[in-house]
Amino acid sequence: MAEPVLEVAGVTAGYVPDLPILRDVSMRAAAAAVTVIIGPNGAGKSTLIKAIAGLVPVSAGQIRHEGTAITHIRPDQMAQHGMAYVPQTDNIFRSLTVQQNLDLALRRAGPEATARLDRLHTRFPALADKRAARAGALSGGQRQMLAVAMALATAPRTILMDEPSAGLSPRAAQEVLEMARGLTESGVSILLVEQNVSQALRLADHCYILAEGRNQLDGPAADLLGDSVVAEIYLGGKRLRVGA
Amino acid sequence: MIQHLLDGILVGAILSLGATGLTMVMHMLRFANFSHAELLSIGAYVALVFDPLFKALLPLLSAQIGPLSMTWALVAAILVAMALTALSAVLFDRLVFRRVREKGEELSMVFASFGLALIIRNVIGLVFGLHTKLYSQDIVFATVLSRDPLILVKPDQVAVLGVALAVMAALHLMLSRTTFGYALRAVAENPALAQVNGINLGRMIVIVWLLGGALAAMAGVFYGLTNQITPVIGRDLVLPVFAATIVGGIGSIHGALLGGFVVGIAANLALVVLPSGYSPSVPFLIILAVLLVRPNGLFGEERA
Amino acid sequence: MIGVVSYLVFFTTVAAILAIAVLGLNLQWGNTGLFNGGVVAFFGAGAYGTLILGGTPQPDHLGGFELPYLLALLGGMAAAGALAWGVGVLTLRLRHDYLAIATFGVAVAFENLMRNAEALGGGAKGLRGFERPLREALGSGFLYNLAFLAFVLVCLVLVWRSLDRLVASPFGRLLRAIREDETAARSLGKSPARIRLTAFVTGSVIMGLSGGLYATFYAFVSPQDVLPVLTFQIWAMLIVGGAGNTRGAVMGAFLIWAAWTASGWGLSRFAPVEAQLYTGSIQYVLIGLVIVGMLLWRPQGLFPERLVVSQSGREGARSTQGERQ
Ligand SMILES: Nc1ncnc2c1ncn2[C@@H]1O[C@H](COP(=O)(O)OP(=O)(O)OP(=O)(O)O)[C@@H](O)[C@H]1O
Ligand SMILES: [Mg+2]
């Protein structure tokens with residue numbers, strides 16, 4: 001792999017002191033590629049993303065983005081580092097309107113704000129139609145669109161997405177994933193957590209498998225798709241604990 | 001009856017100003033701040049100190065404004081009171097709340113707030129004396145709006161109501177039209193997501209204390225102007241202000257604005273049926289009623 | 001000499017009565033994390049309940065049921081429990097700040113009601129007409145006070161021992177589980193709201209007992225006895241002793257009551273006459289400083305039993321200690 005955009009090296013992290021959820025996790029995401037993280041429920045996938053975003057304290061290890069150490073950044077400094085994060089749940093402000101959510105995300109865009117808003121509206125016409133609606137009243141798919149749009153509003157070079165397709169219809173889920181793929185064409189790097197393993201593997205470049213807070217396996221997505229172990233665990237319908 | 005309604009609206013406006021800051025702090029820092037009402041007291045007393053000071057320094061300011069007992073000096077004193085109270089709110093956070101928070105003792109914050117309230121209230125009593133004071137000794141006659149039924153309104157009351165409504169309108173515009181307002185509401189709804197969206201939480205907490213302190217100071221001076229100034233303003237207003245936040249739903253700024261009026265009016269109308277000795281209990285009855293009928297308040301969302 | 005002894009008896013009686021209330025608060029706050037901003041309401045319900053049920057008939061207020069003393073005391077405790085149940089049912093499933101505000105409100109309303117409703121509690125004049133039990137047998141002098149102290153101490157030890165046992169039981173472990181991780185407790189199939197309600201009501205019944213004893217001791221209760229300051233004192237006792245630990249709660253009660261009495265005495269004796277009006281304010285500032293200072297510098301209290309809140313294996317250590325005492 002060429003020099004990675006995002007590098008997690010031996011990270012141990014958890015919500016409360018002395019109770020690590022992630023243990024010695026390492027991972028690298030290549031530039032302008034989709035890197036996917038899969039693993040059973042409670043594996044620590046969201047925790048890993050939150051640790052990168054600065055929402056969960058890291059007690060050991062290092063995180064680098066574009067060569068800069070970002071191990072202990074505050075979440076609100078992410079945009080300054082060219083990163084954005086779409087949380088798994090509660091990822092929009094329900095009490096604000098769609099437009100207010102976007103305005104908030106565009107707050108630091110300065111003179112570019114109007115142009116960016118126009119581009120977001122072109123990309124997500126539903127958000128333009130619903131601009132005056134309370135975000136809490138949106139459908140699941142529209143909420144997810146809004147959340148992604150808010151992430152894009154800061155013109156990030158790297159986006160962390162935590163199960164953006166969760167709760168969506170198969171078609172909408174496919175659309176979200178394809179959109180993520182499409183973003184890489186303009187040079188954006190994507191780190192994606194997904195439950196739709198086969199869909200995700202088809203679309204991703206590289207894949208990491210996490211279980212019980214540790215690295216289990218990783219490799220090019222296409223290889224894992226053909227891997228019998230992964231197939232048995234994730235694609236055969238049975239979901240066992242990897243490595244248990 | 002109508003007189004009670006008018007009085008209720010006036011008290012309601014004062015409670016709304018007090019409740020707005022409280023609801024934001026309560027929601028953002030997740031504790032019931034029993035010392036918030038003392039900020040009203042601090043505001044009232046700061047104005048009491050600076051009002052004569054301004055009059056002495058700039059005699060021009062001693063002129064009364066139109067038919068009001070209020071002078072320009074008092075207006076200037078209110079501004080100083082707002083600034084100093086806002087700063088003391090931040091200071092209390094630095095000295096007490098933030099340190100308790102950082103120890104991971106979030107649940108203890110409510111104890112700390114009670115302790116702080118006791119200290120503030122009684123230090124005020126020690127410094128300024130326990131007896132009541134007034135901003136102006138001049139007697140301002142009430143205007144008779146109607147003789148049958150007898151309805152009296154003092155010019156000061158009208159002015160206070162007007163200013164309070166204007167401040168609320170400004171707050172409303174800020175919340176619904178400016179990105180700063182969106183940021184405030186965003187932090188109230190979901191602090192972690194707000195951070196992810198580039199909002200500096202630490203700075204926002206300071207701003208909320210400043211805003212809450214300034215509004216509380218204004219409410220305190222208005223209360224002093226339409227009633228009297230005593231060291232127990234905080235003790236007397238803490239429950240009504242809490243009731244206003246619960247009526248509106250903890251965390252909802254619009255709810256707090258409306259909740260203040262609901263509590264003010266209900267408390268005054270209750271006096272039509274209840275002997276006046278019971279008025280301290282009325283806010284509690286309102287809280288009970290809300291908890292029975294609509295526990296999350298008029299505007300609150302269901303939250304754990 | 002006899003003066004000193006009789007003062008000591010008096011002091012110990014009041015301190016032990018308050019210690020019982022602190023133990024009740026410890027169950028709520030120390031073990032379950034429930035903030036009670038209106039301790040005095042439950043204390044007051046016990047006091048008024050006991051006197052109304054056990055007193056002689058009076059023309060101007062409710063009461064005079066002349067129940068046997070122990071029954072009256074139980075009735076007072078039941079009144080405190082009923083009040084707690086009402087508040088708890090309404091607030092315990094909501095965010096914790098609702099409980100704080102509602103309990104604070106209940107105390108304000110309780111005092112206000114007792115001050116105004118003359119037909120209920122005699123109004124500002126208070127409740128009279130209560131005969132202290134066994135007065136004929138023991139007289140009303142030193143001997144009586146000594147016997148009453150013994151009774152109070154028996155109550156204190158009983159409450160203390162049963163709370164230690166309760167906390168070491170599976171129920172006690174549940175309380176802690178809820179305090180520390182509500183979601184986990186719920187996933188065990190327990191309803192945290194129900195268990196919290198049980199703990200809240202039990203703690204309040206204990207406060208009711210304390211109030212009942214207090215009213216018995218003075219054979220009188222008035223709105224002056226249910227002022228918010230009592231709530232603050234009881235908190236300070238718990239915080240100084242160390243929340244979550246019964247031994248600390250009792251030691252805190254004696255320590256703070258001694259400090260309060262001594263500061264009151266010192267101020268009234270040495271403060272200049274013109275400042276006498278302000279001794280109350282000074283005492284309030286002191287108690288506020290004690291509360292805030294402890295939280296900032298010694299949140300575990302002066303008599304911590306342990307350093308970490310949750311640790312398995314603690315139960316054993318604790319119950320053996322309970323046995324020894
Ligand atoms: N806020 C929190 N505080 C404490 N522990 C948490 C918190 N959030 C998650 N955990 C714990 O961390 C572990 C990993 O959770 P995480 O959310 O990272 O899993 P995940 O892989 O994203 O699972 P899912 O597929 O369900 O989203 C779990 O055991 C969970 O209970
Ligand atoms: Mg997850």
Side-chain angles (χ1 to χ4, degrees), chain B residues 26-27 30-34 95-96 99-100 103-126 129-131 231 235 238-239 242-243 245-246 250-251 274-288 290-292 295-296 303-304, chain C residues 29 33-35 37-38 86-87 89-91 93-102 104-113 115-117 123-124 179 182-183 228-229 231-232 235-236 238-239 243 275 277-278 280-297 299:
Chain B
M26 261 167 68
H27 200 65
R30 315 224 153 235
F31 77 109
N33 180 9
F34 281 85
L95 287 179
V96 179
R99 295 171 62 184
V100 176
K103 278 190 158 75
E105 305 268 330
E106 271 96 353
L107 281 175
S108 300
M109 303 253 284
V110 54
F111 272 120
S113 77
F114 250 113
L116 184 63
L118 279 180
I119 298 172
I120 299 173
R121 186 184 309 155
N122 290 287
V123 166
I124 289 179
L126 288 171
L130 299 176
H131 42 280
R235 186 198 67 191
V238 60
L239 200 55
F242 270 128
T245 64
I246 288 187
I250 293 174
L274 278 177
S276 66
Y278 287 103
S279 65
S281 297
V282 174
F284 175 66
L285 296 179
I286 295 171
I287 292 175
L288 273 192
V290 174
L291 291 179
L292 277 170
N296 289 298
R303 282 203 190 87
Chain C
W29 170 252
L34 301 174
F35 179 84
V87 175
V89 159
L90 286 178
T91 54
R93 61 210 151 78
L94 301 171
R95 268 173 53 163
H96 55 82
D97 18 13
Y98 284 90
L99 179 69
I101 299 167
F104 176 74
V106 122
V108 171
F110 186 85
E111 193 237 335
N112 184 241
L113 184 69
R115 199 175 284 285
N116 285 282
R179 186 194 161 122
E182 169 152 0
T183 336
V229 63
T231 300
F232 305 141
W235 285 348
L238 182 65
I239 294 177
L277 191 57
Y278 292 95
S281 300
I282 294 172
Q283 280 190 300
Y284 279 106
V285 172
L286 290 177
I287 209 159
L289 287 173
V290 165
I291 292 175
V292 173
M294 288 298 295
L295 290 175
L296 287 182
W297 290 294

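Side-chain atoms are counted along with the backbone in the values below, which use heavy atoms only and exclude waters and symmetry mates. Just so you know, these numbers come straight off a predicted model, no measurement behind them. Letters A, B, ... are given to chains in the order of the sequence lines, protein chains preceding strands, and every chain is numbered from 1.
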Less than 4.5 Å to any heavy atom of chain C: does that hold for the side chain of [X], its backbone, both, or neither?
| X | answer |
| --- | --- |
| B:Ile120 | neither |
| B:Ile287 | side chain |
| B:Met26 | both |

What's the separation between atom [atom1] in [X] and atom [atom2] in [Y], rounded to the nearest 0.5 Å?
| X | Y | atom1 | atom2 | value |
| --- | --- | --- | --- | --- |
| C:Phe104 | B:Leu239 | CZ | CG | 6.0 Å |
| B:Ile250 | C:Ile101 | CD1 | CD1 | 4.5 Å |
| B:Phe111 | C:Leu238 | CZ | CG | 6.5 Å |
| B:Lys103 | C:Trp297 | NZ | CH2 | 8.5 Å |
| B:Phe31 | C:Phe35 | CZ | CZ | 11.0 Å |

Margin query: Which one wins on heavy-atom pair count under 4.5 Å against chain C: B:Pro295, B:Pro283, B:Ala112?
Written below: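 The option with the most such pairs is B:Pro295.
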Notebook entry, point to check: Of the listed residues (B:Leu288, B:Val96, B:Ile246, B:Leu116), which shares the most heavy-atom pairs with chain C below a 4.5 Å separation?
Noted result: B:Ile246
Residue [X] versus chain B: region with a heavy atom under 4.5 Å:
| X | value |
| --- | --- |
| C:Ala117 | both |
| C:Val87 | neither |
| C:Tyr98 | side chain |
| C:Thr91 | side chain |

What is the minimum heavy-atom distance between [X] and [Y], and which atoms define it?
| X | Y | value |
| --- | --- | --- |
| B:Gly129 | C:Tyr278 | CA-OH, 3.1 Å |
| C:Gly105 | B:Phe284 | C-CD1, 3.4 Å |
| B:Val110 | C:Ala100 | CG2-CB, 4.2 Å |
| C:His96 | B:Arg30 | CE1-O, 3.4 Å |

Review item, side-chain donor-acceptor pairs of residues 280-296 of chain C, under 3.5 Å, at least two apart:
{"residue": "C:Gln283", "atom": "NE2", "partner": "C:Trp260", "partner atom": "O", "Å": "3.0"}
{"residue": "C:Gln283", "atom": "NE2", "partner": "C:Ser263", "partner atom": "OG", "Å": "2.9"}

Note to self: Out of C:Thr231, C:Ile239, C:Val106, C:Val229, return the one with the most heavy atom pairs under 4.5 angstrom to chain B.
What the structure shows: C:Val106
Margin query: Run B:Leu291 and C:Leu94 through side-chain contact (heavy atoms from CB on, under 4.5 Å) and show every step you take.
Written below: CA-CA 9 Å; B:Leu291 291 179; C:Leu94 301 171; 3.5 Å; yes
Next item on the list: Evaluate the side-chain contact (heavy atoms from CB on, under 4.5 Å) criterion for residues C:Asn112 and B:Tyr278: first the C-alpha distance (whole Å), next the side-chain angles of each, then the deciding distance (0.1 Å), finally the verdict.
Entry: CA-CA 6 Å; C:Asn112 184 241; B:Tyr278 287 103; 3.8 Å; yes
Checklist line | C:Phe232 and B:Phe114 aromatic ring geometry - parallel, tilted or perpendicular at 30°/60° bounds | finding: tilted
